[in-house]
Asker: 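What follows is a single structure, and I will ask about it in a moment.
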Amino acid sequence: MSYQECINCHTKYGIDEIVYFCKKCGDILEIKMDMERAAEAVKTGDHKKKAPLSVWRYRDFMPIHEATNVVTLSEGGTGLHRSERLGEALGLTNLWIKNEGENPTGSFKDRGMTVGVTKAVELGARHVICASTGNTSASLAAYAARAGIRCTVLIPSGKIAYGKLSQAMIHGAKVLQVRGNFDEALEFVLKLAEKHRSIYLLNSINPFRIEGQKSLGYEICEQLDYDAPDRLIVPVGNAGNISAIWKGFSEFYKLGLLNKLPKMTGIQAAGSAPIAKAIKSHSNKIVPVAEPETVATAIRIGAPVSWKKALNAINESHGTAETVTDEEILDAQKLLAQVEGIFVEPASASSIAGLKKLVRNGIINKNERVVCVTTGHGLKDPDTAIKMSEKPVEVDAEMSAIENALGIKAQVAVIQR
Ligand code: F0G
């Protein structure tokens, strides 16, 4: 049987107990997977027979009862793209992009929500809630609609990208725009879920979300034929995803499916980088940033809730963390779009910007096998993309005007008899 466990004092909680923080010490929880069940699935190869590459291919690795119907929109199974042109531009020979924008609502959050909302329904919840910088709210709204349950999302007023807002709205969530930042909105939902026990909290503090997201690590292993990359680079905001991916790799390692583990490398925007700062100063604590600021609104977070798990993932894997400026993020977004055809939102591009900086600083060597995770689709934030791209040229509806605009000479038509 799998169970929940406090990451600090290791107090155990049942898999069907609704508890967000340890009742003894107040720290956050993680799921301890049923290793016997997982090992059996590996032995029989059952997980591969069950489904194509996707979150639910790993059903035997998920803390969901066997009889439960899952709430799914076909999440996971995203592309791992060999990126030769980008690699060449950065001086790398073995670069890959795991593009999470290919998920149903356009971000990696769907991996966590399919498991989180399935658990919510299993527990009998009829109302789910989250605070979000945008993607979590878009994803929760979609999965709640799919499950036919009520959804409330709290977002920072005026600071989330339009694509994401439109998703939460069209899926019928109750959208509350809080006059404050993400960290403040999160404080409110945590208190609300404690006070009103019928509302089920689905921020990444909920360890069932992390279980879904760990499939990102599993998939990369399978896509690389069970040979882990040397390094995994991922943007970090609230720090759930880096923790989840590390959990996935570590579990495959413990199951004997891998013989090495990647160096986990977290990238944060310079204006909201408490984790990168802690890593650089060899501290085992973070100093929250009171007023986080960055163009990458998805990771505009000053007090990441899963900071301890993230520091652990980075340190245990001998990885690192880096900061990138808004300008570096936007340059990387454009570069990726133009040399690889992969359009990602600014927060996602921070993994590419971080890669560029770490290569430049000699931390990453040119033959390392690097996987960069791009976390959200570019259409989430079309305004930023339009602002930084070459403007369209308006032309008269005439061939000569079009040829002029293209800088090609008008040719005299040869009339054939
Ligand atoms: N990239 C994107 C596109 C995100 O939306 C987020 C987080 C992250 C990276 C960082 O992941 O928080 O697990 O470290 N977005 C959350 C949200 C906070 O509300 O949508 P993390």
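All ligand and atom numbering here is 1-based and tracks the order in the structure.
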Asker: Any nitrogen or oxygen of Ser132, side chain or backbone, less than 3.5 Å from one on ligand 1?
Answerer: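 Yes, Ser132 has an N/O under 3.5 Å of an N/O on ligand 1.
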Asker: Relative to the heavy atoms of Asn135, which atoms of ligand 1 are at a distance of less than 4.0 Å?
Answerer: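 Per the distance check, 2 (C), 3 (C), 4 (C), 5 (O), 20 (O).
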Asker: Determine whether more than 12 heavy atoms belonging to other residues, nucleotides or ligands lie under 6.0 Å from atom CZ of Arg197.
Answerer: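 Correct, the count exceeds 12.
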Asker: For Ala239, is the nearest heavy atom under 4.0 Å from an atom of ligand 1?
Answerer: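 Contact check Ala239 vs ligand 1: positive.
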Asker: Looking only at distances, can you tell me whether any N or O atom of Glu345, backbone or side chain, sits closer than 3.5 Å to an N or O atom of ligand 1?
Answerer: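 No; every N/O pair is 3.5 Å or more apart.
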Asker: With no hydrogens and no angle check, just 3.5 Å: does a side-chain donor-acceptor pair link Thr375 and Ser348?
Answerer: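 Short answer, yes.
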Asker: Just checking, any donor-acceptor pair under 3.5 angstrom between side chains of Gln223 and Lys98?
Answerer: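 Present: a donor and an acceptor within the cut-off.
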Asker: Ignoring hydrogens and geometry beyond distance, is a side-chain donor-acceptor pair present between Asn241 and Gln213 at under 3.5 Å?
Answerer: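 The criterion, which ignores hydrogens and geometry beyond distance, is satisfied for Gln213 and Asn241.
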Asker: Report yes if Gly237 has an N/O atom closer than 3.5 Å to an N/O atom of ligand 1; otherwise report no.
Answerer: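 So ligand 1 has an N or O lying under 3.5 Å from an N or O of Gly237.
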Asker: So among Lys247, Arg111, Arg59, Lys32, which one has a salt bridge (charged side-chain N to carboxylate O under 4.0 Å, His left out) with Glu211?
Answerer: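 When Lys247, Arg111, Arg59, Lys32 are each tested with Glu211, the salt bridge (charged side-chain N to carboxylate O under 4.0 Å, His left out) holds only for Lys247.
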Asker: For atom 1 (N) of ligand 1, what's the nearest protein heavy atom and its distance?
Answerer: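 Protein heavy atom with the smallest distance to atom 1 (N) of ligand 1: Thr375 OG1, 2.6 Å.
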Asker: May I ask you to check if ligand 1 and Gly240 share an N or O to N or O distance below 3.5 Å?
Answerer: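 Checking ligand 1 against Gly240, an N or O pair does fall under 3.5 Å apart.
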Asker: Nearest protein heavy atom to atom 11 (O) of ligand 1, by residue and atom, and its distance?
Answerer: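 Here the closest protein heavy atom is Phe108 CZ, 3.4 Å.
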Asker: Would you check the N or O atoms of Thr136, main chain and side chain alike, for any that come under 3.5 Å of an N or O of ligand 1?
Answerer: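 Thr136 vs ligand 1: N/O contact under 3.5 Å present.
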Asker: Does ligand 1 have a heavy atom under 4.0 Å from the side chain of Lys380, from its backbone, from both, or from neither?
Answerer: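 The answer is neither; Lys380 stays 4.0 Å or more away.
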Asker: Would you kindly specify which portion of Ile299 sits under 4.0 Å from ligand 1, judged on non-hydrogen atoms: side chain, backbone, both or neither?
Answerer: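 The side chain, only.
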Asker: Would you check if there is a donor-acceptor pair between the side chains of Tyr3 and Asp34 at a distance under 3.5 Å?
Answerer: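 Judged by distance alone, the side chains do not pair up.
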Asker: From the options Arg300, Arg209, Gln213, Lys109, select the one whose nearest heavy atom is closest to atom 15 (N) of ligand 1.
Answerer: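 That would be Lys109.
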Asker: With no hydrogens and no angle check, do the side chains of Gln268 and Thr323 hold a donor and an acceptor under 3.5 Å apart?
Answerer: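 Per modelled atom types, Gln268 and Thr323 side chains form no pair under 3.5 Å.
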Asker: For ligand 1, indicate whether the residue Lys164 contacts it via side chain, backbone, both or neither (heavy-atom separation under 4.0 Å).
Answerer: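 The answer is neither.
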Asker: Identify the closest protein heavy atom to atom 4 (C) of ligand 1: which residue and atom is it, and at what distance?
Answerer: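 Here the closest protein heavy atom is Ala298 CB, 3.6 Å.
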Asker: Look at ligand 1 and say whether Ile301 reaches it with a heavy atom at a distance under 4.0 Å.
Answerer: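 In this structure, Ile301 qualifies as a contact of ligand 1 - some heavy atom is under 4.0 Å.
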Asker: Does any donor atom in the side chain of Tyr218 or Glu251 lie under 3.5 Å from an acceptor atom in the other side chain?
Answerer: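 Tyr218 vs Glu251: donor-acceptor pair found between side chains.
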